[in-house]
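Have a look at the structure below, then the notes.
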2 protein chains.
Amino acid sequence: MATEKFSTYSYLLDRTNRKIKQYAQQKFKEENFDITVDQWLILKNLSIHNDQNQSQLAELTGKDHPTLTRILDLLCKKGLVERKAAPNDRRSFNIHLTEFGIQKQKEWAPKVAEARMKAWENLTEQDYEDLKRILNTIYQSLS
Amino acid sequence: MATEKFSTYSYLLDRTNRKIKQYAQQKFKEENFDITVDQWLILKNLSIHNDQNQSQLAELTGKDHPTLTRILDLLCKKGLVERKAAPNDRRSFNIHLTEFGIQKQKEWAPKVAEARMKAWENLTEQDYEDLKRILNTIYQSLS
DNA sequence: TATTAATAATTAGTATGACAAATATAATGA
DNA sequence: TCATTATATTTGTCATACTAATTATTAATA
């Protein structure tokens, strides 16, 4: 295969990734969700795996530690999330949703799911499986 | 299809996209290319379509205008690119590679192509076609 | 022609991401 | 126990992305 064409997929991936985020963010704005797409990812994960420390949460969400620290700072400021000192390790915090955070996560989830679905309206179940497989294969090849 | 699973693709896409950039950037560093992955995209496009104005270049590369302005500022500072006043429209510039820029673009291209290839080593030609089709379909569904 | 609208580029503010370095604490081993 | 090493988190810096606003210029039109 010609090497040249391999510039293309990275361009398409980057462009599509930005479009997906942009689209979801626009929907959030229309619904007056006071949150970013990346912040939502953290909320969503906390709704499933509560009381993770930041390292675990970083691993789950694929964010690096400095980025996670800053996203959590913002979520705390919005009152959606709290850091609680870990009982047996004074270096770390357990991160958990506040009552307000739980409420908002539940409130926002359906609209988020709806926005996510939109991307898929002209594709098939098989496409979905193929995309997952291809992306995971790429990820592993570069890891 | 369950709506819930549609969180997954956006996560995988974002994660894979970051990995691809990170991998390429790492290779650039190893080779002492004084350039970022996004800056390379602009150089590469200029090597094919020289003397574009910034709007055209933004369109070609999928960057928005403020981002392109800043990337060009950096490329100019590195002496790889120049803004030249457009002859018939005093609002706009024609962007072109300098001699140094042409030289570096040619010098770096093979290693970039090699780094790009790496992602693909466990995938097929058909996967490549599928990925392109799926990404373009998503992009269009959200546009 | 004078006014208004459109376009090209920039600037400003905020968020995210990568990387390196710093801080605090915990675990390990001589 | 003391020194070293490892781990959890934060801070700093630079680059990119998005939005909104600004500036300069051109085009359109009343």
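Nucleotide C/dT25 holds its P atom 10 Å from the CZ atom of A/Phe93, rounded to whole Å. At whole-Å resolution of the value, CG in A/Asp73 and C1' in D/dT9 are 11 Å apart. Atom-to-atom, CZ of A/Arg70 to C1' of C/dA18 comes out at 10 Å; the value is rounded to the nearest Å. The nearest whole Å value for the distance from the CD atom in A/Gln52 to the P atom in D/dA8 is 13 Å. Taking atom CZ of A/Phe28 as the reference point, atom P of C/dA15 lies 15 Å away to the nearest angstrom. Rounding to whole angstrom units, CG of residue A/Asp89 and C1' of D/dT7 are separated by 8 Å. Between the P atom of D/dT9 and the CG atom of A/Asp64 lies a distance of 13 Å, rounded to the nearest Å. Taking atom CG of residue B/Leu41 and atom C1' of nucleotide D/dA15, one finds them 14 Å apart after rounding to whole Å.
Between D/dA15 and B/Thr67, no contact under 4.0 Å exists linking OP1 or OP2 to a side-chain N or O. Side-chain nitrogen and oxygen atoms of B/Arg83 include at least one within less than 4.0 Å of the OP1 or OP2 phosphate oxygen of C/dT10. Contact annotation: B/Lys63 side-chain N/O to C/dA9 OP1/OP2 distance is not under 4.0 Å. For the OP1/OP2 pair of C/dT10 and a distance below 4.0 Å, the side-chain nitrogens and oxygens of B/Thr69 include at least one atom meeting the criterion. Residue A/Gln39 places at least one side-chain N or O under 4.0 Å from the OP1 or OP2 atom of C/dT16. At the phosphate of C/dA15, neither OP1 nor OP2 sits under 4.0 Å from any side-chain N or O atom of A/Gln25. Side-chain N/O atoms of B/Thr36 include one lying less than 4.0 angstrom from OP1 or OP2 on D/dT16. Proximity of B/Ser55 to the phosphate of C/dA9: a side-chain N or O atom is located under 4.0 Å from OP1 or OP2. A close approach under 4.0 Å does not occur between any side-chain nitrogen or oxygen of A/Lys78 and OP1 or OP2 of C/dA15.
At a threshold of 4.0 angstrom between heavy atoms, the contacts of A/Lys19 with the nucleic acid are absent. Within 4.0 Å (heavy atoms only), A/Ile71 reaches sugar-phosphate atoms of the nucleic acid but no base atom. Nucleic acid contact for A/Leu74: sugar-phosphate only, since backbone atoms but no base atoms lie under 4.0 Å from a heavy atom of the residue.
Of the residues near DNA chain D, A/Gln54 and A/Asp14, the one whose nearest nucleotide (by heavy atom distance) lies more toward the 5' end is A/Gln54. Mapping B/Asn88 and A/Ile95 onto DNA chain D by nearest heavy atom places A/Ile95 at the nucleotide closer to the 5' end.
In this model, no side-chain donor or acceptor of A/Arg90 finds a partner on the base of C/dA27 within 3.5 Å. A donor-acceptor contact under 3.5 Å links the side chain of A/Arg91 to the base of D/dT7.
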Legend entry - Canonical and wobble pairing (Watson-Crick, G-U, under 3.5 Å) of DNA chain C, dot-bracket with |: ||||||||||||||||||||||||||||||

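Criterion: ILVMFWY side-chain heavy atoms under 4.5 Å apart, direct or through other members. Under it, B/Val37 and A/Tyr9 are not part of a common hydrophobic cluster. Both B/Phe93 and B/Leu72 are members of a single hydrophobic cluster when ILVMFWY side chains are connected at heavy-atom separations under 4.5 Å. Cluster membership check: B/Ile138 shares its hydrophobic cluster with A/Leu13, using side-chain heavy-atom separations under 4.5 Å among Ile, Leu, Val, Met, Phe, Trp and Tyr. Hydrophobic cluster membership differs between A/Val112 and A/Trp120, with clusters built from Ile, Leu, Val, Met, Phe, Trp and Tyr side chains linked at under 4.5 angstrom.
For B/Trp108, the ring-ring contact (aromatic ring centres under 6.0 Å, His included) test picks out B/Phe33, with sequence neighbours left out.
With respect to A/Lys21 and B/Asp14, a salt bridge is recorded, a charged nitrogen being found less than 4.0 Å from a carboxylate O.
With respect to A/Arg83, the side chain to side chain donor-acceptor pair (under 3.5 Å) criterion is satisfied by exactly one of A/Asp73, A/Asn53, A/Asn94: A/Asp73.
If you check the side chains of A/Asp130 and A/Gln126, you find a donor sitting under 3.5 Å from an acceptor. Under 3.5 Å, the side chains of B/Ser141 and A/Asn122 contain a donor-acceptor pair of N or O atoms.
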